[in-house]
Amino acid sequence: MSAPFATALRTDLCGALRATDVGRTVTLGGWVHRARDLGGIVFLDLRDREGILQVSFGPDWTSAEVIAAAAKVGVESVVLIEGTVVARPDEMKNRDLATGDVELRATRISVVGPASTPALPVARGRGEQLPAEELRLRHRHLDLRRPELQANLILRHRLLQVARRFLSDRGYLELETPILTKPTPEGARDYLVPSRVHPGEFYALPQSPQIYKQLFMMCGFDRYFQVARCFRDEDLRADRQPEFTQIDVEASFVDQEDIIAMAEGLVAALWAEAGVTVTIPFPRMTYAEAMERYGCDRPDLRYELTLRDLTDVMRPLEFGITQGAIAAGGRVRGLVVPGGAAWSRKQVDELEALAKGAGVGGLLRLKCAEGKLDGPLAKFLTADATTAIALADGDLLLAVAGAEHVTSPALDRVRQECARRLGLVDERAREFLWVLDFPMFERDPATGALAAVHHPFTAPNAADRAAYPDEPWRWRAVAYDVVLNGTELGGGSIRTSDPAVQSRMFELLGIGDAEEQERRFGFLLEGLRAGAPPHGGIALGFDRIAMLLSGAPSLRDVIAFPKTTAARSLFEGAPTPVNDADLRELHLRTDVARD
RNA sequence: GGGGGCGUAGCUCAGUUUGGUUAGAGCACUCGACUGUCACUCGAGAGGUCGCGGGUUCGAGCCCCGUCGCUCCCGCCA
């Protein structure tokens, strides 16, 4: 690192010293990572964000008082040390340390920040497990001292700088939007903030800056981006936090191709910063094709194992399950697993349990072993069907009968688990993909009501709207997701810029009343009526990208102060009860008994 | 909201299968020895609400019920 880290108190970062520094007299500040007291000579490993350096205190170059002080200092204490950088003899070099060719012969030490015994170790023994995550979060000030987490956050910083540079160089303006905003009835649950001056009224924290960024386009800023903090009050996962960061982008006078090209460049730049070359453009697939071949709108293309339609093959068979499903308007779909015939009954039952967990009644099996077909289906198969299915020796066919919204998720899970078992997943492979032509709406299976697949501001495909004016469930949206190895990195759409079309969309979503539209989305509609350019954009899930590029197993390892799965901060202790006076001032009362 | 896993010393873990004397180990910590270590080594010591509450039992870290916390998954996340 070439930045001038010299200050009034120190001359260098200890982790930056190399053989070229030999002979220099330096003053370093850092944390005592480990100590080795050999009696006459004392070694301290000094750590800062740049790395670790061995400091030696010996009678030939250090006074007795300084040696005694060094022998007494506790690990994780902050010290200032003055000394001379010396080369280590060959047999004393430490190849595991970037600074291992040199050491500091100390002449002075001052303990500027003595540390109490740490509640959990920062320096870990070889092979020793990390402390429980609960403790790591509770003592985050210590956990964040670990070089691994520091490396994650430093990479995160570099990725953010790359994104800013990339977008700024292309004319995107970094504009900020409110954190205290308006509750939205759509989508996820809002975090609400009570208003003190308006009794009974609330702000919401933004789920995304969606409408604001569209308004920037209507204002004529032309290109916008923001490193946007977003808030959603939903249950958590390893890859989901209640507050998270998006790289949020919007541009005017663009179509889908403009946004896709920009996003590919941005993704390539981010991956390049992490040392990975990414080939652009990315392959593309329609939503319909993804669902048909993979049962999933973000397929993992590192392996094939594609789904097949078996409806026509199965239709003539006198087999109750498939006949019933087909008669009810469903289909029979499945996948052929090479080598799956060798799996035990129990192993296939486990797959069936996965499928059932996704809502199907069961998993049909047909295996081909030693040239013979075996399974409940076998005796119903006609010669034509056998030919059509065309199982090779060792193959296992797994099939599901039913409606598409049932067979797809079930087969998706089965496919993923089969790939895992067969070792088909190449962990080093990177399969980027655009999924295009998402449906505009999905139906609530219970009520039949339409809901936006992406969001209500997405533009419907104009040709679909013209062809099926009264069948909006057939409309595709001008929306796109970018996917890597089965993980959604981000998504966006071209927006509706015609206020009449936007009104119609609200109407289809059950917000038919003009007054209600104005009340809830008036600020958007007003903007559209004031003259809106065609516009669209995308948002990338930045935490997830940082997680992938750092190799971290959890989002919590790329967020400095994350929440637990119960949405708590264990370190600072949030959320927390507040006193009655504060509540009264906000015109709030809780129904929770207090002790 | 539902299901699974985990919870024993400051930390990582054994002990729970089949209930039985005073609950162990490594690291860290304290004291001592040691002049080239780099997970220093060696000796000694201190350190326990077995997550919490209740129950069964002559006896519970271990069995039962409840509860809390962390975690993974489903629902949820436009």
Side-chain angles (χ1 to χ4, degrees), chain A residues 33-46 52-62 67 71-72 74-76 86 88-89 91-97 99-100 103 105 115-139 142-143 184-190 207-208 210-211 230-242 244 353-354 356-359 409 413 438 440-442 444 450-458 477 479 488 491 493 505-506 509-510 539 541 553-554 556 563-568 570:
Chain A
H33 189 67
R34 249 195 263 276
R36 292 176 293 282
D37 179 357
L38 273 60
I41 188 166
V42 174
F43 296 98
L44 297 183
D45 290 342
L46 192 64
I52 291 172
L53 173 75
Q54 171 165 283
V55 182
S56 60
F57 299 77
D60 295 346
W61 58 90
T62 317
I67 294 179
K72 248 177 38 196
V75 292
E76 293 311 316
V86 301
R88 298 206 210 178
E91 69 277 12
M92 291 181 198
K93 286 182 174 163
N94 185 338
R95 232 167 310 199
D96 298 331
L97 242 42
T99 60
E103 69 177 23
R105 295 206 158 171
S116 48
T117 302
L120 45 86
V122 175
R124 221 163 11 124
R126 210 175 286 143
E128 192 181 333
Q129 297 287 312
L130 278 176
E133 186 150 22
E134 180 177 357
L135 295 165
R136 291 177 44 206
L137 293 173
R138 200 175 296 286
H139 306 288
L142 294 171
D143 201 36
T184 51
E186 313 288 316
R189 208 173 286 119
D190 283 323
Q207 296 182 27
S208 87
Q210 181 61 35
I211 294 178
C230 305
F231 305 86
R232 295 180 189 173
D233 186 6
E234 297 292 345
D235 288 338
L236 308 187
R237 291 285 187 280
D239 61 354
R240 246 161 50 191
Q241 282 275 305
F244 59 97
L354 276 181
K356 282 182 171 168
R413 280 192 209 179
F438 277 78
M440 186 67 219
F441 300 105
E442 62 194 347
D444 186 308
L450 293 181
V453 167
H454 188 57
H455 57 55
F457 321 113
T458 298
E488 183 192 329
S493 64
M505 301 306 285
F506 287 142
L509 290 166
S554 158
R556 294 182 294 273
K563 306 284 189 285
T564 68
T565 49
R568 266 188 193 287
L570 296 181

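Protein chains get the first letters and strands the later ones, always in sequence-line order, with residue 1 at the start of each.
Here the side chains of A:D190 and A:Q207 are in contact, with some heavy-atom distance below 4.5 Å.
Judged by distance alone, with hydrogens and angles left aside, A:N94 brings a side-chain donor or acceptor within reach of the base of B:C38, the pair sitting under 3.5 Å. Side-chain atoms of A:Q54 and base atoms of B:U37 include a donor and an acceptor less than 3.5 Å apart. Contact of A:E133 with B:G69 (side chain to base): no donor-acceptor pair of N or O atoms is detected under 3.5 Å. Taking only distance into account, the side chain of A:R34 never meets the base of B:C40 through a donor-acceptor pair shorter than 3.5 Å. Counting distance only, with no hydrogens placed and no angle test, the side-chain atoms of A:R232 and the base atoms of B:C77 include no donor-acceptor pair under 3.5 Å.
Put simply, A:T564 has a side-chain N or O that comes within less than 4.0 Å of OP1 or OP2 on B:C70. OP1 or OP2 of B:C72 has at least one side-chain nitrogen or oxygen of A:R556 nearer than 4.0 Å. The phosphate of B:C70 has neither OP1 nor OP2 within less than 4.0 Å of any side-chain N or O from A:R138. Remark: A:R36 is in phosphate contact with B:C40, judged by side-chain N or O atoms under 4.0 Å from OP1 or OP2.
For the pair A:R138 and A:D143, the salt-bridge criterion is not met [side-chain N within less than 4.0 Å of a carboxylate O].
Pairing for B:A44 is with B:U30, a Watson-Crick or G-U wobble pair whose two hydrogen-bonding atom distances lie under 3.5 Å. Using the Watson-Crick or G-U wobble rule with both distances under 3.5 Å, B:G66 pairs with B:C52.
In this structure, of B:C70, B:U35, B:C11, it is B:C11 that holds the atom nearest to the side chain of A:P131. The listed nucleotides are B:C76, B:C40, B:U12; the one nearest the side chain of A:Q129 is B:U12. Candidate nucleotides B:G10, B:C70, B:C77 were compared by shortest atom distance to the side chain of A:R568, and B:C70 ranks first. Ranking B:U35, B:U71, B:G10 by closeness to the A:L38 side chain, first place goes to B:U35.
The distance from atom CG of A:L135 to atom P of B:A28 is 19 Å, rounded to the nearest whole Å. For the pair A:R237 CZ and B:U71 P, the computed distance is 13 Å after rounding to whole Å. Distance A:D235 CG to B:C76 C1': 6 Å, rounded to the nearest Å.
Minimum interatomic distance between A:R88 and A:L97 (heavy atoms only, all atoms of both residues): NH2-CD2, 4.3 Å.
Judged by distance alone, the side chain of A:R189 and the main-chain N or O of A:D233 form a donor-acceptor pair under 3.5 Å.
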